[in-house]
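Letters go in sequence order (proteins before strands), and every chain restarts at 1. For the numbers below, each heavy atom of this structure counts, side chains included, while hydrogens, waters and symmetry mates do not.
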Protein chains: 2
Amino acid sequence: MATGRNHRPATSRSRGIPEATVARLPLYLRALTALSERSVPTVSSEELASAAGVNSAKLRKDFSYLGSYGTRGVGYDVEYLVYQISRELGLTQDWPVVIVGIGNLGAALANYGGFASRGFRVAALIDADPGLSGKPVAGIPVQHTDELEKIISDNGVSIGVIATPAGAAQQVCDRLVAAGITSILNFAPTVLSVPEGVDVRKVDLSIELQILAFHEQRKAGEEPGAPPETDTAPPAAPPAVSVAKRPPESGTDGDLPAVMPA
Amino acid sequence: MATGRNHRPATSRSRGIPEATVARLPLYLRALTALSERSVPTVSSEELASAAGVNSAKLRKDFSYLGSYGTRGVGYDVEYLVYQISRELGLTQDWPVVIVGIGNLGAALANYGGFASRGFRVAALIDADPGLSGKPVAGIPVQHTDELEKIISDNGVSIGVIATPAGAAQQVCDRLVAAGITSILNFAPTVLSVPEGVDVRKVDLSIELQILAFHEQRKAGEEPGAPPETDTAPPAAPPAVSVAKRPPESGTDGDLPAVMPA
DNA sequence: ATGCCTTTGTGAACGCGTGCACAAAGATTG
DNA sequence: CAATCTTTGTGCACGCGTTCACAAAGGCAT
């Protein structure tokens, strides 16, 4: 059953920058951009770290992977660092992006201001609903799925955003990959199988909420002199014997990615 | 200033379940639910792992933290496991949730089907725009920010979703926390400061795209028989001397969370 | 019952990420 | 130019998370 790796096998240690550090660079960049707009010339690791919500030692170590860009006794030059990080992240070039699945979420994403600002440009909006074709969303006309391959190849798009229902995600993903996409941001609640070399990042509202619920439950059951844990009833059954009878519920687990595409 | 921790200080090792494992439980649950709907009685760690997109050894170790729910030589009882994981995640109870900031994204979230299915219920939609008050979104009337405290206390809400512009996020966050919220899902592109005991999880489109861009650039510069690394030109300047002259660009970095709240 | 086959549960090794703590570097002042 | 003070850059240790590899457990057939 077609599994397919997606997490980068090794550390992606190409030249050395750790994955964890890469994930924080955008955070630093955002904080630095804010400082830059306020015309602040330099920042210490301490100040910047606090602005980015991390520990200063971590920040210094992160920057050390990029090179020695600071000045001891002074700090870091804001403008210079903004440039260096932007370059490292590949933000000095333009990245055309396509969004597939123009429902509530897809539309919200299309309207996102943060796209254009940092090197990302919405090259096209794609949806399977013929009724949407031609209608402008965020000023961009929606195109039909049939055009997918052509759009990607014509615009040299390498990053795709999937905002379709879970059921269509894998299929869309396969087409995107076949058309040349090598990076995917997936909002559909499904595990995507992709060939080696293709990066997939997942954004899943439902999962985030469940993680919060876990901690919330944990807090509720310990902090106050709360009862030992009523445990809502231990109905089910021992390992390999009976079977709980909770009905399969509605089929609506999270079929749609925080939205319905029309 | 005003830093404030947000990552759980320790390992949240309350009774022992590692954070990394908690983050995967929703994945397993989703896969199990799908099997359950197809009336599959049991699964082996290998099958389930592949369905969830993880390695089987990891899955077994994860389950081992919950207890020994499998049967050697057979596998795991689907229904039983669904129940156990649901209980562990706190999904056997109902979690009222409030969404603050009803713009494109907030509306998309309100329409999300995955909410209701797994124990989450949208208790209220809140926005600062008086013009939205009373208007129904996803069948629920939007209420004004003034009512925030009352709504939360009346409904016993402990989980809040922030989908406001970055500028309003911290303020909204503070009010939510003061009103009793202890878990926050933040879609605004800002670092939130919260007191100890409050959990914050962040969803940031812009950051995800930047991480993808990093890897994309990496791929483009290595895979083909590319030269040793041209380094795009060392334009800027040495650490503490000159200053690049890139204009502060537009102020639009990512002020809005993939949407504008009215 | 006995033996074989399958699959779990986990001990142990390894590697990444984090944070401490400090030496080195540079600015700044007298 | 020397002394002092600030802040970076990093060696080191520790802990979490992942993966391997295998013994133990249970089912099943003979």
So which nucleotide from [options] ends up closest to the side chain of [X]?
{"X": "A:A20", "options": "C:dT18, D:dC20, D:dT18", "answer": "C:dT18"}
{"X": "A:S44", "options": "D:dT8, D:dT19, C:dT18", "answer": "D:dT8"}
{"X": "A:K58", "options": "C:dG19, D:dG27, D:dT10", "answer": "C:dG19"}
{"X": "A:R60", "options": "D:dG17, D:dT8, D:dT19", "answer": "D:dT8"}
{"X": "A:S64", "options": "D:dT10, D:dG27, C:dA27", "answer": "D:dT10"}

Just how far, in rounded Å, is [atom2] of [N] from [atom1] of [X]?
{"X": "A:L81", "N": "D:dT8", "atom1": "CG", "atom2": "P", "answer": "11 Å"}
{"X": "A:F63", "N": "C:dG19", "atom1": "CZ", "atom2": "P", "answer": "16 Å"}
{"X": "B:D77", "N": "C:dT7", "atom1": "CG", "atom2": "P", "answer": "16 Å"}
{"X": "A:D62", "N": "C:dT18", "atom1": "CG", "atom2": "P", "answer": "7 Å"}
{"X": "A:Y69", "N": "C:dG26", "atom1": "OH", "atom2": "C1'", "answer": "19 Å"}
{"X": "B:E19", "N": "C:dT18", "atom1": "CD", "atom2": "P", "answer": "14 Å"}
{"X": "A:Y65", "N": "D:dG11", "atom1": "OH", "atom2": "P", "answer": "10 Å"}
{"X": "A:N55", "N": "C:dA21", "atom1": "CG", "atom2": "P", "answer": "12 Å"}

Open item on the list: If the cut-off is 4.0 Å, is B:S45 near the phosphate of C:dT8, judged by side-chain N/O to OP1 or OP2?
Closed with: yes
- [ ] Using a cut-off of strictly less than 4.0 Å, decide whether A:T71 has a side-chain nitrogen or oxygen near OP1 or OP2 of C:dG26.
- [x] no
- [ ] Identify whether any heavy atom of B:Y76 sits under 4.0 Å from a base atom; if not, whether one sits that close to sugar-phosphate; answer base, sugar-phosphate or nothing.
- [x] sugar-phosphate
I'd like to know if the side chain of [X] reaches the main chain of [Y], judged simply by a donor and an acceptor atom lying under 3.5 Å from each other, with no hydrogens or angles considered.
{"X": "B:T71", "Y": "B:V74", "answer": "no"}
{"X": "A:Q170", "Y": "A:S193", "answer": "yes"}
{"X": "A:K202", "Y": "A:V191", "answer": "no"}

Task: OH on A:Y65 to CZ on A:R60, rounded to 0.5 Å - done: 13.5 Å
Open item on the list: Heavy-atom nearest nucleotide on DNA chain C for A:G73 versus B:E46: which residue maps closer to 5'?
Closed with: B:E46
TODO: Look at the side chain of B:R72 against the base of C:dT8 and say whether a donor-acceptor pair falls under 3.5 Å; ignore hydrogens and angles.
DONE: yes
Open item on the list: Tell me whether the side-chain N or O atoms of B:K61 pair up with the base of D:dG17 as donor and acceptor below 3.5 Å, since no angle test is needed here.
Closed with: no
Task: Check: B:S206/B:Q210 side-chain N/O donor and acceptor closer than 3.5 Å - done: yes
